Amino acid sequence: MRLSRYFLPVLKQNPSEAQIASHRLMLRAGMLRQEAAGIYAWLPLGHRVLKKVEQIVREEMDRAGAIELLMPTLQLADLWRESGRYDDYGAEMLRITDRHDREMLYGPTNEEMITEIFRAYVHSYKDLPKNLYHIQWKFRDEQRPRFGVMRGREFLMKDAYSFDLTEAAGRASYNQMFVAYLRCFSRMGLKAIPMKAESGPIGGDLSHEFIVLAQTGESAVFLDKRMLDLPVPGEDVDYGADLTPILDEWTHLYAATEDVHDAERYERETPEAERLTARGIEVGQTFFFGDKYSRPMKANVQGPDGVDTAVQMGSYGVGVSRLVGAIIEASHDDAGIIWPDPMAPFGVGIVNLRPGDPEVDEACERAYAALTAAGKEPLLDDTAERPGGKFATMDLIGLPWQLIIGPRGLADGVVEIKRRATGDRQTLPLAAAVRTICE
RNA sequence: CGGGGCGUAGCGCAGCCUGGUAGCGCAUCUGCUUUGGGAGCAGAGGGUCGCAGGUUCGAAUCCUGCCGCCCCGACCA
């Protein structure tokens with residue numbers, strides 16, 4: 001992409017409404033525009049990152065055997081009356097009436113709808129297990145939206161739903177999602193720690209929150225430091241095998257949010273030197289809740305014995321739009337965002353220090369072509385802005401690499417590359433610079 | 001939902017108390033000079049001062065109502 005043709009409205013000054021780093025940086029880097037409290041337009045740069053997060057989540061869900069579909073944002077109130085949640089959910093649910101006075105709602109989650117879809121088609125244990133997911137916008141009418149995309153009212157969420165005949169099989173499905181989540185967050189460059197959680201209004205008895213440690217996290221967390229060094233399962237993890245050992249490894253050390261924190265147990269189980277109190281951002285939650293929805297909604301399958309049984313269900317959410325904020329919270333400095341390589345909206349920023357100079361232009365074009373061919377998604381700053389402004393913008397939008405090409409270096413046959421995360425710079429010939437970036 | 005605060009140009013703000021032709025910085029446009037870490041000079045464009053009533057000869061300014069937004073807390077993915 002050439003910056004001269006792109007849409008990147010960066011702000012030099014901090015917007016007054018943004019208090020935390022991710023919100024401030026997303027606005028300044030031209031990723032986001034607020035349209036109402038907790039409701040945002042994703043500008044091109046932000047949209048690219050959102051899509052990258054979404055794609056990693058999708059790949060890991062698919063790898064774990066989940067199947068993608070897409071359910072609507074609007075749902076009928078009657079569906080929610082079946083589970084009894086239409087009245088329970090309260091003011092957080094945005095209720096809408098259509099032209100025929102039908103009661104509808106903007107979905108805050110999709111347990112009811114997926115259960116309705118499942119029961120319409122699946123009647124035999126032979127079709128189990130199934131795990132269906134979608135990535136769709138949700139709306140929860142928060143009393144107090146804040147922190148940009150970290151607590152918006154409208155947000156993009158991946159929600160998966162597992163269906164099994166028995167509780168044991170349901171727990172195996174739960175384990176698959178648990179492992180998929182470890183992989184997902186790790187691929188995004190995040191340390192996400194699973195913590196035992198209250199299951200909340202969704203119900204059930206087995207639940208974990210996946211928490212990214214960050215100073216601006218909304219809740220205090222208490223954990224055993226050794227959790228930070230546990231190995232994340234690799235791409236080759238066998239989802240068909242018994243995953244209980246991985247689950248055990250990741251749940252035997254103490255880790256809890258303040259809501260469920262048990263100070264006495266913490267002190268008993270965790271040596272003082274290994275205790276870590278921090279703040280965290282919840283980026284995902286897994287629930288196993290058995291027949292909580294399948295029973296009232298009559299989502300039954302026939303077992304081998306010919307008897308109808310309510311299916312055992314779990315649901316698994318990832319806050320896709322929140323993750324964009326969480327990644328920035330976990331990775332930024334005074335100058336701007338520092339994208340982990342896989343999340344970066346562009347892989348490398350090429351800075352043309354003297355547009356109009358034939359030699360510099362030519363070198364930039366050559367670099368642009370080579371990096372594009374290598375799949376590095378370069379962003380070429382070919383604008384007439386002055387060097388200082390270009391450098392500031394590059395640091396702000398946080399691309400992993402900067403390739404700086406100007407007349408001074410070219411006179412000596414060299415260009416400069418800068419690694420955003422470390423600030424390390426190297427001066428070397430263009431071909432070598434491109435090679436280094438592509439490694 | 002309790003408490004506090006703010007709405008004036010794209011962004012950041014002053015002006016309001018004490019009513020009298022709407023300002024500053026950045027950004028934008030034009031020209032010239034510049035060009036390796038947010039340039040300089042000269043000129044220009046852009047605002048029914050959140051909305052609606054009221055008081056007044058006259059309202060950004062005073063009064064009333066509404067709307068929107070932010071912060072702290074409670075609540076929540």
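Values reported hereafter were calculated over all heavy atoms of this structure, with side chains retained and with hydrogens, waters and symmetry mates removed. These figures come from a predicted structure and were not determined experimentally. The sequence lines fix the lettering, A, B, ..., with proteins before strands; numbering per chain opens at 1.
- For the residue pair A/Arg85 / A/Tyr293, a side-chain donor-acceptor distance below 3.5 Å is found, with atom types taken as modelled.
- Rounded to whole Å, the P atom of B/C6 lies 49 Å from the corresponding atom of B/U34.
- Between A/Lys376 and A/Asp341, none of the side-chain N atoms (NZ, or NE/NH1/NH2) sits under 4.0 Å from a carboxylate O, so this pair counts as no salt bridge.
- A sub-4.0 Å separation between OP1 or OP2 of B/C13 and a side-chain N or O of A/Ser16 is present.
- At a threshold of 4.0 angstrom between heavy atoms, the contacts of A/Ala36 are confined to the sugar-phosphate backbone, with no base atom among them.
- Residue contacts for A/Gly284: at a heavy-atom cut-off of 4.0 Å it reaches no nucleic acid atom on any strand shown.
- With sequence neighbours left out, the salt bridge (Lys or Arg N to Asp or Glu O under 4.0 Å) criterion links A/Arg366 to A/Glu362.
- Neither OP1 nor OP2 of B/A77 sits under 4.0 Å from any side-chain N or O of A/Arg322.
- Side-chain atoms of A/Ser294 and A/Gln312 include no donor-acceptor pair closer than 3.5 Å.
- Checked by atom type, the side-chain pair A/Tyr254/A/His261 shows a donor-acceptor distance below 3.5 Å.
- One N or O donor and one acceptor, one from the side chain of A/Gln13 and one from the base of B/G25, sit under 3.5 Å apart.
- Looking at heavy-atom distances under 4.0 Å, A/Glu92 makes contact with sugar-phosphate atoms alone, never a base.
- Using a 4.0 Å heavy-atom distance criterion, A/Gly406 is classed as a base contact.
- Put simply, A/Arg144 has no side-chain N or O that comes within less than 4.0 Å of OP1 or OP2 on B/C70.
- Taking 4.0 angstrom as the limit, A/Gln34 places a side-chain polar atom (N or O) nearer than this to OP1 or OP2 of B/C70.
- Spacing of C1' atoms, B/C51 relative to B/G68, comes out at 10 Å, to the nearest Å.
- When only modelled atom types and interatomic distance are considered, A/Asp159 and A/Gln136 share no side-chain donor-acceptor pair under 3.5 Å.
- For B/U61, there is no paired nucleotide, since no Watson-Crick or G-U wobble pair has both relevant distances below 3.5 Å.
- Across all strands, A/Ala392 comes closer than 4.0 Å to base atoms (heavy-atom distances).
- Along RNA chain B, the nucleotide nearest A/Lys390 and the nucleotide nearest A/Phe155 are compared for position; the residue whose nucleotide lies closer to the 5' end is A/Lys390.
- Protein atom CG of A/Asp357 is 13 Å distant from nucleotide atom P of B/U35, rounded to whole Å.
- The base of B/G37 sits with one of its N or O atoms less than 3.5 Å from a complementary donor or acceptor on the side chain of A/Asp395.
- At a cut-off of 3.5 angstrom, the base of B/G38 holds at least one donor-acceptor pair with the side chain of A/Arg28.
- Atom CD in A/Glu282 sits roughly 15 Å away from atom P in B/C75 (whole-Å rounding).
- Under a 4.0 Å N-O distance rule, the pair A/Arg81/A/Glu103 qualifies as a salt bridge.
- Nucleotides B/C11 and B/C69 have their C1' atoms positioned 16 Å apart, rounded to a whole Å.
- Within the 4.0 angstrom heavy-atom criterion, base atoms lie near A/Glu142.
- Here the nucleotide nearest the side chain of A/Pro15, chosen from B/G38, B/G36, B/G12, is B/G12.
- Look at CZ on A/Arg146: it is 17 Å from P on B/G3, rounded to the nearest Å.
- Look at CD1 on A/Ile135: it is 20 Å from P on B/A77, rounded to the nearest Å.
- The CG-P distance, from A/Asn352 to B/G36, rounds to 13 Å in whole Å.
- Within 4.0 Å of A/Gly152, counting heavy atoms only, lies at least one base atom of the nucleic acid.
- B/G38 and B/A77 have their P atoms separated by 46 Å, with the value rounded to a whole Å.
- For B/C66, the paired nucleotide is B/G50, the pair qualifying as Watson-Crick or G-U wobble because both relevant distances are below 3.5 Å.
- Rounded to whole Å, the separation between the C1' atoms of B/G36 and B/G47 comes to 39 Å.
- Taking both residues in full, the closest heavy atoms of A/Val212 and A/Ala192 are given as CG2-CB, 4.2 Å, listed atom of the first, atom of the second, then distance.
- Put simply, A/Arg354 has no side-chain N or O that comes within less than 4.0 Å of OP1 or OP2 on B/U35.
- At a threshold of 4.0 angstrom between heavy atoms, the contacts of A/Glu209 with the nucleic acid are absent.
- Relative to the side chain of A/Glu17, the nucleotides B/G12, B/A77, B/U35 differ in distance, and B/G12 lies closest.
- Atom CG of A/Leu410 is separated from atom P of B/G36 by 15 Å (rounded to the nearest Å).
- At a threshold of 4.0 angstrom between heavy atoms, the contacts of A/Lys418 include nucleobase atoms, whether or not backbone atoms are also involved.
- Nucleic acid contact class of A/Arg425 (heavy atoms, under 4.0 Å, all strands): base.
- Annotation: B/C16 and B/G2 have their P atoms spaced 33 Å apart (nearest Å).
- You cannot call A/Phe391 stacked on the base of B/G38; the centres under 5.5 Å and planes under 30° rule is not satisfied.
- Using P as the reference atom, B/C70 and B/U30 are 36 Å apart when rounded to the nearest Å.
- For B/C1, the paired nucleotide is B/G73, the pair qualifying as Watson-Crick or G-U wobble because both relevant distances are below 3.5 Å.
- For B/G36, there is no paired nucleotide, since no Watson-Crick or G-U wobble pair has both relevant distances below 3.5 Å.
- Distance A/Asp141 CG to B/C1 P: 10 Å, rounded to the nearest Å.
- Heavy atoms of A/Gly388 sit under 4.0 angstrom from primed sugar atoms or phosphate atoms, though from no base atom.
- Residue A/Lys12 places no side-chain N or O under 4.0 Å from the OP1 or OP2 atom of B/C26.
- Side-chain atoms of A/Tyr133 and A/Asn110 include no donor-acceptor pair closer than 3.5 Å.
- Atom P of B/G4 sits at a distance of 36 Å from the matching atom of B/U21, rounded to the whole Å.
- Both A/Ala335 and A/His23 lie near RNA chain B, and the one whose nearest nucleotide falls closer to the 5' end is A/Ala335.
- Remark: P of B/C70 and CD of A/Glu35 are 13 Å apart, rounded to the nearest angstrom.
- With a 6.0 Å radius and a threshold of 12 heavy atoms from other residues, nucleotides or ligands, A/Arg295 has its CZ atom at or below the threshold.
- Both distances falling under 3.5 Å, in either a Watson-Crick or a G-U wobble arrangement, occur for no nucleotide opposite B/A9.
- For B/U30, the paired base is B/A42 (Watson-Crick or G-U wobble, both distances below 3.5 Å).
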